[in-house]
Each structure stands twice: as C-alpha cells, then as structure tokens.
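Lettering follows sequence order; numbering is per chain, from 1.
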Amino acid sequence: MTTDTHYNFAFLDERTKKRIRRALLKAVAVPGYQVPFGSREMPFAYGWGTGGVQITASVIGRSDVLKVIDQGADDTTNAVNIRRFFARTTGVQTTGKTREATLIQTRHRIPEAALTEQQILVYQVPMPEPLSKLEPSRRETIKMHALQEYGLMHVRLYEDIAQLGAIARAYDYPVMVNERYLTSPSPIPKFDNPKMHMNPALQLFGAGREKRLYAIPPYTPVRSLDFEDHPFEVQRWDHACALCGATESYLDEMIVDDQGSRLFVCSDSDYCEERRDAGHVGTQEAVTLHNPLSQEAA
Amino acid sequence: MNAPVLLSVRGAGKAFVHQGQPRWACRDVSFDLYPGEVLAVVGESGSGKSTLLRLLAARHACDAGSVHYDVRAESGEQSSTLMDLASMSEARLRWLARTDWGFVEQHARDGLRMNVSGGANVGERLMALGSRHYGNLRRETTAWMERVELDPRRIDDLPATYSGGMQQRLQIARNLVTHPRLVFMDEPTTGLDVSVQARLLDLLRELVDQLQLAAVVVTHDLAVARLLAQRMLVMKDGVVVEQGLTDRVLDDPQHPYTQLLVSSVLTP
C-alpha cells in the first residue's frame with residue numbers, strides 16, 4: 001500500500017505525539033500509575049483501540065516493524081484495519097511474525113513467543129481503573145491509589161471464593177505492579193498475567209475514552225493478587241492444539257458441528273504457524289466432549 | 001481517674017454557612033473521654049448531636065476549638081500522646097478510622113457494603129490491614145458473627161436479605177473486628193422494634209464491657225443512655241446545657257430543658 005501524503009507521519013501532528021510521549025515518560029517513571037493525557041479523536045470508534053493507536057502513533061519510527069494482533073490473531077477485523085491504517089499513514093513495514101516485530105499493538109493477548117528488550121508492546125485498554133466496579137467515584141479511587149488502600153480488591157476476590165469456590169475472574173485479573181500500584185492488565189486472559197512479570201519488553205497501555213495511559217517498564221515485578229490459601233492459577237486445557245499439537249499455549253475452543261464437537265486451536269495464530277512450519281503436527285480433528293446437558297448422557 | 005485521657009474535646013464547634021451567614025450547628029463543646037467509658041449525647045432532633053459526632057470522628061473539621069485523640073504509639077515510640085486531629089494527615093486519619101475507631105451508622109445500609117456478602121463485610125477491615133489468608137478470614141468472621149448473635153450459616157448471604165436488627169448487628173461486628181478502642185454510634189437502635197432494641201442494647205452493653213470499649217453514643221432515647229452510658233451530655237440548639245453522670249442527670253436534672261426531657265418520658 002502506498003503512503004498517504006495528506007496526513008502527517010502516523011496521522012497525529014507532531015505536537016500531539018510529543019505530548020503523549022511526555023505522558024508516557026511519566027508513566028514509565030511511575031510503573032502502574034495511570035497518567036491522564038489529552039486523548040484525541042481518532043478515525044476509529046471508541047472501543048476499537050483508540051488509546052493503543054495513539055500510543056503506537058506517538059512512538060512509531062520509520063525503521064519500526066509493526067505487528068497488530070486482536071485476540072491473538074493477525075487476521076481479524078480490528079487487527080487488519082489498524083495495520084492498514086499505520087501502513088497508509090506511515091509506510092512502515094508490517095509483519096505477522098512476533099520475532100520480526102519491533103512494535104506490537106495488541107488487543108487482549110500477549111504473544112506466546114518470548115519478547116525481547118528491542119520490542120515494545122502496546123495494549124488497548126477499555127477500562128484502566130481496576131477499582132471502578134467496586135468504587136464508582138473517580139475521586140475516591142485516586143485517593144485509594146495514593147494511600148495504597150487496596151483492601152477492597154481483596155473483598156471482591158473473597159466474595160468470589162465465598163460464592164463460587166474459587167476466584168472466578170478469567171480475564172482482566174488485577175495485578176500489583178512493582179508492589180505499589182494496583183493495575184488493570186487490560187482484558188487479557190489471566191493465562192497471560194505471568195508473562196508480564198519481569199518481561200524484557202516495554203509494555204505501554206492506552207485507554208482512549210478514559211484518557212489514561214500507564215506503563216510497565218522492562219524487568220518490573222508484576223504480581224497477580226490472590227490469597228495465601230487460594231493462590232493464583234492460570235487456565236489449563238485437557239487437549240492439545242489440533243493444528244500444531246501445542247500443549248503450553250492458550251487455546252481457543254470452537255464448536256464445529258451440531259453434535260457439539262470442539263476444535264481446540266492456538267489463539268496465537270503466529271505461534272501456531274511457526275510450530276507447524278517447524279514440523280509439529282496436531283491430531284487435525286475435533287474432539288467430542290461429554291455434554292452433561294444432552295439427553296443421551298442421562 | 002488516673003488513666004490517660006482517650007479523647008479530649010476543647011471548645012469544639014462547627015458552623016454551616018446558611019444564606020451567606022454562618023450558623024453554628026454545635027459550638028463550645030468540651031469534655032474528656034477515658035478508655036472504657038461510654039458517653040451518651042442526648043437532645044432533640046436538630047440540636048447538633050450528629051454534627052458533634054462527626055467532628056469527633058474527623059468526618060468534619062472543627063471551625064472552632066479542637067479534638068485531641070490519644071493515638072496508639074507506633075512500634076518504636078514509647079508513650080502515646082494526645083494528638084490534634086486537625087494536625088494529622090488524611091492517610092493517618094483514614095488509618096485510625098479503619099483500625100482504632102468504629103462508626104456505627106444510624107441506618108445500617110450506610111455503614112455496610114450492600115453488594116457483597118455479610119462475611120465480606122466483616123472481613124473488609126481485616127483485608128484492608130493486610131490479611132491474605134482466606135481460611136483465617138473465614139474463621140475470624142464466623143467467630144464475630146457468633147459473637148453478635150448472627151447465624152454463621154448466613155455468612156455468604158447479602159446484607160439486604162438480613163432483617164433490620166441483623167443488619168445493625170452485622171454493622172457492629174464489621175466495626176469491632178479490628179478491636180478498636182473507640183466506637184462512635186449514631187442512634188444505633190432507632191428504627192428497630194422494641195424487643196430487637198432491647199437485645200441489641202444487651203449485646204452492646206456486653207461487648208463494651210468485654211472489650212473495654214470507649215464509646216460516644218448519640219441518641220434521643222433516654223433509656224438507651226441510662227442503660228449504656230456512665231456519663232451524658234444534654235444538647236440543645238448546638239450547645240451543651242448540662243453534663244454529668246447519667247444517674248445524676250436523669251434523677252436530678254438541673255437545667256430546665258433537661259427537666260422537660262426527663263419528665264416527657266412515657267412510662268406505661
């Protein structure tokens with residue numbers, strides 16, 4: 001695609017990008033702290049990653065290689081559109097391969113491949129305030145962050161265990177960054193939470209509608225909240241990826257017929273492809289699960 | 001009494017601006033409260049009782065005078081000293097309110113978190129103080145529910161499913177779980193029927209006695225004052241008109257307003 005010369009490099013004007021970079025510097029200096037910033041209207045609807053796009057636009061350079069993922073895949077609507085947007089306004093090289101990318105914008109996943117110090121991971125965040133569901137007042141939550149009063153978050157986890165027997169949050173699982181700020185990891189599955197801990201890559205988070213951004217610098221401790229006798233655990237599957245046979249990755253479960261057969265495949269499409277290229281093969285077939293609701297089972 | 005003073009109030013007052021003019025909701029209140037002592041504040045509605053309570057609990061700042069509290073010494077320091085609430089940081093005040101104080105609201109709904117279970121309500125302060133063991137929290141919560149005569153089997157029910165008296169007892173348990181030294185109560189028994197009131201008062205009297213709690217109880221019910229309090233303040237139009245030992249004030253009222261108040265009690 002040819003570069004559209006009607007726009008400034010990466011769509012936003014230089015002063016706006018500079019202001020966002022200044023806010024990012026503050027965010028990196030105080031890991032996990034939500035920095036307010038002058039969020040701009042973008043040619044996307046809110047909820048489609050306006051915060052992440054603004055961060056990507058302000059840090060992208062001509063030599064960057066951009067990868068955009070949505071729920072792990074490079075070929076879904078959101079990912080394709082954002083990738084085309086940047087290809088058109090910057091002309092930088094884009095890729096689907098995690099290892100080749102220097103800048104990765106992501107929605108709801110962290111790539112399975114380990115990141116390096118040369119990479120920046122940009123998250124799209126719908127709701128940056130982890131306490132918002134518990135304490136509606138913005139003023140009060142700012143005060144709670146300032147005074148490090150995070151007992152309320154544990155009340156929520158307690159309530160999960162009391163009512164459901166386990167901490168039921170499967171995504172957007174609250175984390176403590178650098179043992180100081182309670183932070184929302186954005187709606188990534190809790191499977192990805194451990195990858196944030198001491199990650200060599202710079203992790204930037206942008207929430208366009210809420211006008212907040214925050215960061216986790218490289219090699220920062222990130223701890224998922226839990227109770228001593230109900231420790232944090234990630235999801236596990238009884239099946240391997242049907243395409244590449246991976247057992248360590250995050251799997252998507254797809255129903256493929258009226259009998260309820262399920263196909264388990266890697267959510268990270270690049271990871272799956274790389275494994276298949278390396279010669280790994282899965283069973284290539286869907287599995288039939290025992291369905292407790294079906295009549296034959298009764 | 002040679003015990004150290006717990007709460008010392010000197011000339012405390014609070015004014016609200018009404019049509020450009022300051023109106024004193026309460027003014028010139030002075031008293032000392034000792035550990036383990038229960039003080040009742042009585043008076044008609046609008047006499048500034050609740051405003052006074054909010055001044056003591058640092059929910060409002062004093063416009064005149066001061067409130068000093070005997071802050072428990074942090075580790076290291078030897079003796080504790082009376083500190084002016086106005087000079088303390090907000091973080092410190094919030095810490096006090098969570099640990100060393102309790103505040104029992106008139107309406108249990110104001111003092112409880114209605115969208116989480118009764119057990120979570122009782123455990124909230126413990127979790128705020130860093131308790132991170134679910135089993136221990138559970139045990140402590142159950143023990144406190146039994147102590148305030150709530151059925152521990154209802155630990156996972158929402159407070160909205162509790163009766164009014166149970167909600168009030170839950171609120172008390174929630175406040176006492178950190179073993180505070182001072183509890184503020186704003187008409188803890190109003191809105192409850194008479195038999196529930198009596199049980200609640202019995203419970204309060206027992207807890208105050210067992211835990212050596214100091215308490216400031218705002219009430220317009222003289223019977224509550226008689227039952228719970230060693231001393232009482234009588235307020236009218238924001239001013240303390242009479243204070244002294246409860247039995248003395250009730251049996252031998254000096255001020256005309258107190259005489260009126262005492263003589264207006266209905267006896268069946």
Side-chain angles (χ1 to χ4, degrees), chain A residues 30 33 127 129-169 173-183 190 193 221-233, chain B residues 58-59 88-99 101 110-142 144-145 150-162 170-171 173-175 177-178:
Chain A
V30 192
Y33 172 72
M127 191 59 231
E129 178 54 73
L131 296 163
S132 66
K133 290 255 170 59
L134 308 162
E135 174 54 63
S137 157
R138 176 83 212 167
R139 194 189 152 126
E140 182 67 17
T141 55
I142 288 175
K143 195 169 282 177
M144 289 160 79
H145 281 296
L147 302 176
Q148 224 181 333
E149 285 181 6
Y150 294 139
L152 201 52
M153 197 75 235
H154 272 91
V155 172
R156 171 55 61 197
L157 301 182
Y158 169 96
E159 193 65 5
D160 265 7
I161 300 174
Q163 306 290 350
L164 306 161
I167 298 173
R169 241 173 216 253
Y173 192 104
V175 294
M176 189 67 92
V177 173
N178 207 18
E179 292 302 319
R180 176 58 184 86
Y181 281 100
L182 181 69
T183 306
K190 67 176 177 179
N193 273 18
V222 176
R223 179 171 59 84
S224 303
L225 296 188
D226 59 2
F227 283 99
E228 285 159 20
D229 45 350
H230 283 80
F232 172 77
E233 280 171 351
Chain B
R59 293 188 173 191
M88 286 158 71
S89 71
E90 190 176 2
R92 194 95 170 104
L93 284 175
R94 283 171 75 114
W95 178 82
L96 267 184
R98 268 205 316 267
T99 56
W101 293 350
D110 298 338
L112 292 174
R113 220 169 263 290
M114 297 304 284
N115 55 359
V116 295
S117 66
N121 266 291
V122 178
E124 180 176 346
R125 279 176 162 220
L126 295 173
M127 287 184 252
L129 288 181
S131 180
R132 294 288 178 266
H133 193 283
Y134 180 78
N136 292 351
L137 278 168
R138 210 62 187 169
R139 241 190 324 280
E140 195 140 351
T141 306
T142 312
W144 268 102
M145 288 186 76
L150 285 170
D151 185 352
R153 277 175 302 176
R154 301 207 53 184
I155 186 167
D156 292 333
D157 293 350
L158 290 179
T161 65
Y162 288 20
L170 184 68
Q171 199 193 176
R174 171 185 160 89
N175 275 289
V177 68
T178 50

From the list A/Gly151, A/Ala146, A/Ala162, the residue making the most non-hydrogen contacts under 4.5 Å with chain B is A/Ala162
If one checks every heavy atom of A/His154 against chain B at 4.5 Å, the contacting part turns out to be both
Residues passing the side-chain contact (heavy atoms from CB on, under 4.5 Å) test with B/Ala160, sequence neighbours excluded, are B/Arg109, B/Met114
Correct closest heavy-atom pair for B/Leu158 and A/Glu159 would be CD2-OE2, 4.5 Å
Just say parallel, tilted or perpendicular for the rings of B/Tyr134 and A/His230, cut-offs at 30° and 60°.
perpendicular
Under 4.5 Å to a heavy atom of chain A? For B/Leu129 that would be neither
Whatever's closer than 4.5 Å to a heavy atom in chain A on B/Arg98 counts as side chain
Output for pair (B/Arg132 CZ, A/Glu228 CD), nearest 0.5 Å, gives 9.0 Å
Between A/Tyr158 and B/Glu124, is a side chain to side chain contact (heavy atoms under 4.5 Å, CB included) present by the stated rule, with each step listed? CA-CA 9 Å; A/Tyr158 169 96; B/Glu124 180 176 346; over 6 Å; no
Under 4.5 Å to a heavy atom of chain A? For B/Leu126 that would be neither
Closest heavy-atom pair, A/Arg156 versus B/Val116, reported as atoms and distance to 0.1 Å, is NH2-CG1, 4.4 Å
Interface check, chain B: of A/Leu157, A/Asp229, A/Leu147, A/Val155, most non-hydrogen pairs under 4.5 Å belong to A/Asp229
To the nearest 0.5 Å, atom CZ of B/Arg113 lies from atom CG of A/Leu152 at 4.5 Å
Donor-acceptor pair, side chain of A/Gln163 and main chain of B/Asp156, under 3.5 angstrom: yes
